[in-house]
Each structure stands twice: as structure tokens, then as C-alpha cells.
Enquirer: 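Got a structure for you, questions after.
Residue numbering restarts at 1 for every chain, and letters A, B, ... go by the order of the sequence lines.
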Amino acid sequence: MPEMPEVEIIRRGLKRHLLEKQIVNIEVFLPRLIKWPEADAFKSMVIGRRITAANRRGKYLLLELDNGNTLVFHLRMTGRLLCVSPKDEQDAYRKIIFHLDDGELLVYADTRTLGTVYALKPGETWRISGLNNLGPEPLSEAFTEIYLEKILKKSSAKLKSFLLNQKYISGLGNIYADEALALAKIHPQRTGAGLTKLEIARLYQAINEVIAAGIADGGTTFRDYRNGEGGRGHHQEHLYVYGRNGKACLSCGAPIVKIEVGGRGTHFCPVCQLLEGK
DNA sequence: CAATAGCCCTGGTGGC
DNA sequence: TGCCACCAGGGCTATT
């Protein structure tokens with residue numbers, strides 16, 4: 001599941017391969033993944049253009065084109081975006097292939113086909129409501145402890161749901177949300193309004209820390225995630241709680257528990273992360 | 001407005 | 001061994 005660290009690693013990989021290359025052709029095997037415009041118009045907006053930048057906002061990947069248009073990808077659960085040479089192109093789940101002028105391929109592959117692809121003209125960000133309503137990112141200047149405190153105090157949502165809501169903070173997904181709460185030693189079912197100033201400070205540090213660690217480890221590969229060059233991440237070796245239900249808490253040794261919060265599987269230590277809080 | 005339930009989608013898994 | 005219900009979960013939409 002690509003979250004902000006994984007998308008950032010993909011972005012860096014793509015940047016190395018794609019800058020200044022021209023997209024000379026596009027093969028679309030599953031048109032419904034292209035959410036705007038429809039496939040033919042999409043192709044005409046993109047074919048013949050050079051890629052001038054590889055950017056990211058939250059979990060959205062943005063390839064800027066030399067005509068001012070932007071190619072937007074959201075990988076959702078199982079989307080993969082990678083640069084390969086034609087002889088290595090063998091992904092059974094390839095859905096869109098962008099042919100580059102040096103013969104290399106940019107392949108969008110997706111097992112569960114939940115990903116979304118768009119081509120936008122300048123100023124058309126509004127077409128993607130999720131992209132248009134992203135909160136500040138962890139590790140960014142806009143993401144301050146003051147900001148976090150302000151929005152937490154206004155929220156009645158359970159913290160797990162709060163952290164997953166991209167309009168408050170962009171980039172956290174199920175893995176890093178659980179990890180941030182574990183590191184901060186805060187129960188996922190508590191609410192923002194109920195946190196002490198000290199807990200907010202811990203949560204703020206923890207969010208930045210788990211995201212930074214995820215990036216430093218090249219992302220978390222459980223099953224599907226691959227970086228822009230097809231390699232795996234290593235952060236799965238450094239997780240505190242995610243996927244560790246039944247295993248010993250790294251801090252106190254108690255078994256990690258898995259529950260459902262807001263419809264999402266949620267992992268936490270019942271000893272370190274108390275409902276009452278401290 | 002805000003929280004939540006349902007939905008999309010396919011492959012892996014666990015139970016029988 | 002084979003079958004099948006169920007789960008994984010990001011984010012949008014409908015509902016309460």
C-alpha cells in the first residue's frame with residue numbers, strides 16, 4: 001500500500017529516469033483507470049510531450065509536461081509505476097504503458113485496478129477533489145505542532161480515523177497511522193479533543209519520525225509495493241505494531257492487538273497505548 | 001457540517 | 001486437496 005514514503009521513493013526513482021524524456025506513445029489496456037479525460041483525449045494531451053518534473057502531493061504523483069499539462073497518478077492499494085526497458089517488461093498486471101523516446105517504458109501496473117490516472121491542463125487541479133483538499137504533509141513547513149493542536153482540538157473523530165483523513169494531514173495511510181500512534185503511545189480510539197499538550201507533542205514528533213524512517217528505509221514492502229525501479233523497501237523490518245498482532249510489543253513485551261477502527265484494521269499495544277492516556 | 005457505512009476490485013489465506 | 005467466504009484498505013459517494 002503506497003503511502004507518502006512509498007510514493008516519495010517512487011517519485012525519486014522516476015525522476016532519475018524520466019526527466020527531459022519525451023512520451024512518444026501510450027498503450028491503454030484498461031481505459032477505466034483513466035478518470036479524466038477519456039482515453040483518446042488523454043493520449044492527445046500527453047503524447048509528444050516532454051517530462052519536465054516529477055512531483056508529489058500527499059500520495060499523488062505528478063508528472064509535469066512541457067505543455068503545462070500534468071499527468072497525475074494515485075496508486076491506491078496495488079498500483080505500481082516503474083521504468084523498465086522493453087526486454088524486462090513482463091508485468092502481468094500492466095494497464096498503461098508510456099513509450100519514451102529513448103526506448104524505455106514507463107509502466108503503470110495494478111493488480112486490483114483501484115488506482116486512478118488523470119491528465120490535467122493548467123489550473124485544473126479542481127477536477128480531483130482529493131488532490132484539491134489535501135492538508136499539509138508531515139515533515140513540511142506547513143505541518144507545525146500548533147497546526148496539529150488546532151485541528152485535533154476541533155475533531156471528534158477517533159485518532160486512527162483522524163490520521164487517515166487526508167484533508168487534515170496528507171500522506172499517512174493505514175501502516176504509518178498505526179505506527180505513529182504506537183510510537184506516541186496513544187490509543188487509536190481516543191479523540192483529538194481529549195489529548196493533553198504533551199500527548200500532542202508526542203504525536204507530532206511521532207508522525208514526522210515514522211514518515212522519515214519510512215523514507216529512509218525505501219518504503220514498506222508487504223506484498224505489492226515496489227519502488228520506481230522495481231526494488232523492494234525495507235521498513236517492514238522496522239515496524240512497531242503494523243502486521244505484528246500476537247507478537248511482542250518492542251517496548252513492553254505484551255502481545256500486539258488488532259482491532260477495527262473506522263472500518264480499518266488497527267494494530268496497537270494494549271499496555272503502552274491506554275484508552276485513558278497519560 | 002461531520003462521522004460513518006458501503007463500494008470498488010482481485011489475489012491470498014484460512015477454515016472446513 | 002478443493003472450494004469458498006473473507007479480508008486487505010485508499011478514497012469517493014451516499015446516508016445518517
Side-chain angles (χ1 to χ4, degrees), chain A residues 1-8 10-11 29-36 56-62 72-81 91-96 108-118 120 125-135 137-138 150-181 188-194 207 210-211 214 219-226 233 235-236 239 241-246 256-268:
Chain A
M1 317 124 226
E3 304 176 28
M4 176 185 151
E6 289 74 34
V7 180
E8 174 61 17
I10 292 169
R11 183 193 74 80
F29 303 109
L30 188 59
R32 70 171 162 78
L33 296 186
I34 300 173
K35 303 300 179 184
W36 183 265
R56 181 188 55 74
R57 270 295 279 135
K59 303 172 194 171
Y60 289 87
L61 202 58
L62 310 165
V72 182
F73 297 88
H74 195 300
L75 308 180
R76 298 286 185 107
M77 302 296 300
T78 53
R80 299 181 293 280
L81 198 52
D91 199 314
Y93 300 98
R94 60 194 186 143
K95 303 301 176 194
I96 304 173
Y108 179 74
D110 197 336
T111 310
R112 287 167 62 187
T113 69
L114 294 170
T116 53
V117 183
Y118 310 77
L120 300 182
T125 319
W126 58 268
R127 288 193 184 279
I128 309 175
S129 67
L131 178 59
N132 214 22
N133 293 297
L134 288 176
E137 304 190 357
K150 198 178 87 186
I151 55 172
L152 277 172
K153 288 300 172 195
K154 284 193 296 191
S155 169
S156 59
K158 295 182 176 107
L159 284 170
K160 175 59 182 285
S161 304
F162 173 91
L163 292 179
L164 289 178
N165 193 330
Q166 305 297 300
K167 77 180 177 188
Y168 298 135
I169 307 167
S170 60
L172 292 169
N174 211 39
I175 296 173
Y176 293 96
D178 282 2
E179 291 296 292
L181 289 167
Q189 287 178 309
R190 293 179 62 202
T191 62
I207 290 168
V210 296
I211 290 293
T220 303
T221 298
F222 263 101
R223 184 177 301 162
D224 297 288
Y225 166 68
R226 293 295 183 277
H235 195 60
Q236 64 277 9
L239 295 171
V241 290
Y242 186 88
R244 298 193 64 246
N245 30 314
I256 299 301
V257 168
K258 184 180 182 187
I259 60 173
E260 187 175 302
V261 181
R264 293 289 175 259
T266 299
H267 313 72
F268 72 105

Enquirer: Work out how much the helix from B:dA2-C:dT16 to B:dC16-C:dG2 bends between its end axes, five pairs an end, to the nearest 10 degrees.
Expert: 50°
Enquirer: Test of understanding: with side chain to side chain contact (heavy atoms under 4.5 Å, CB included), list the residues that count as partners of A:Lys153, not counting sequence neighbours.
Expert: A:Glu149, A:Ile200
Enquirer: Output every pair passing side chain to side chain donor-acceptor pair (under 3.5 Å) with a member in residues 125-134 of chain A, not counting sequence neighbours, ordered by first then second residue.
Expert: A:Glu124-A:Arg127
Enquirer: Categorize A:Thr78 for me: base, sugar-phosphate, or nothing, with a 4.0 angstrom heavy-atom threshold over every strand shown.
Expert: nothing
Enquirer: Would you tabulate the pairs of protein nitrogen or oxygen atoms and nucleotide nitrogen or oxygen atoms of nucleotides 2-6 of chain B closer than 3.5 angstrom?
Expert:
| unit_1 | atom_1 | unit_2 | atom_2 | d |
| --- | --- | --- | --- | --- |
| B:dA3 | OP1 | A:Ser156 | N | 3.2 |
| B:dA3 | OP1 | A:Ser156 | OG | 2.7 |
| B:dA3 | OP1 | A:Ala157 | N | 3.4 |

Enquirer: Give me the distances for all protein-to-nucleotides 12-14 of chain B N/O pairs that come in under 3.5 Å?
Expert:
none

Enquirer: Holding to side chain to side chain contact (heavy atoms under 4.5 Å, CB included), I want the full list of residues that pass it with A:Ser155, two or more places apart in sequence or in another chain.
Expert: A:Ala157, A:Phe162
Enquirer: How would you give the extent of chain A contacts on DNA chain C, as first and last nucleotide 5' to 3' within a 4.0 Å heavy-atom cut-off?
Expert: C:dA8 to C:dC12
Enquirer: Quick one: which residue pairs count as a salt bridge (Lys or Arg N to Asp or Glu O under 4.0 Å) with a foot in residues 156-166 of chain A, not counting sequence neighbours?
Expert: A:Lys160-A:Asp178
Enquirer: Are A:Ser170 and A:Tyr60 close enough that a side-chain donor and a side-chain acceptor fall under 3.5 Å?
Expert: no
Enquirer: Measure the shortest side-chain to side-chain distance between A:Thr266 and A:Pro188 over non-hydrogen atoms and say whether it is less than 4.5 angstrom.
Expert: yes
Enquirer: With sugar-phosphate meaning primed atoms plus P, OP1 and OP2, does A:Phe162 contact a base, only sugar-phosphate, or nothing at under 4.0 Å between heavy atoms?
Expert: nothing
Enquirer: Listing request: all salt bridge (Lys or Arg N to Asp or Glu O under 4.0 Å) pairs with a residue in residues 257-268 of chain A, at least two apart in sequence or in separate chains.
Expert: none
Enquirer: Given A:Tyr118 and A:Ile128, is the side-chain contact (heavy atoms from CB on, under 4.5 Å) satisfied, shown in steps?
Expert: CA-CA 9 Å; A:Tyr118 310 77; A:Ile128 309 175; 3.4 Å; yes
Enquirer: Looking across every strand, which nucleic acid part, if any, lies under 4.0 Å from A:Leu75 by heavy atom: base, sugar-phosphate, or nothing?
Expert: nothing
Enquirer: Tell me: CG of A:Leu33 to C1' of B:dT10, nearest whole Å?
Expert: 13 Å
Enquirer: Do A:Phe73 and A:Leu62 come close enough that some side-chain heavy atom pair is under 4.5 Å?
Expert: no
Enquirer: List the residues meeting side chain to side chain contact (heavy atoms under 4.5 Å, CB included) with A:Lys167, not counting sequence neighbours, and say none if there are none.
Expert: A:Asn165
Enquirer: Applying a 4.0 Å non-hydrogen cut-off, can you work out what A:Lys35 is touching in the nucleic acid: base, sugar-phosphate, or nothing?
Expert: nothing
Enquirer: The criterion is side chain to side chain contact (heavy atoms under 4.5 Å, CB included); which residues satisfy it with A:Arg112, sequence neighbours excluded?
Expert: A:Met77, A:Thr78, A:Leu114
Enquirer: Quick one: salt bridge (charged side-chain N to carboxylate O under 4.0 Å, His left out) partners of A:Arg244, sequence neighbours excluded?
Expert: none
Enquirer: Return whichever of A:Glu260 or A:Leu131 has its heavy-atom-nearest nucleotide of DNA chain C closer to the 5' end.
Expert: A:Glu260
Enquirer: Between A:Gln166 (side chain) and A:Gly171 (backbone), is there a donor-acceptor pair under 3.5 Å?
Expert: yes
Enquirer: Roughly, in whole Å, what's the span from CZ in A:Arg80 to C1' in B:dG11?
Expert: 12 Å
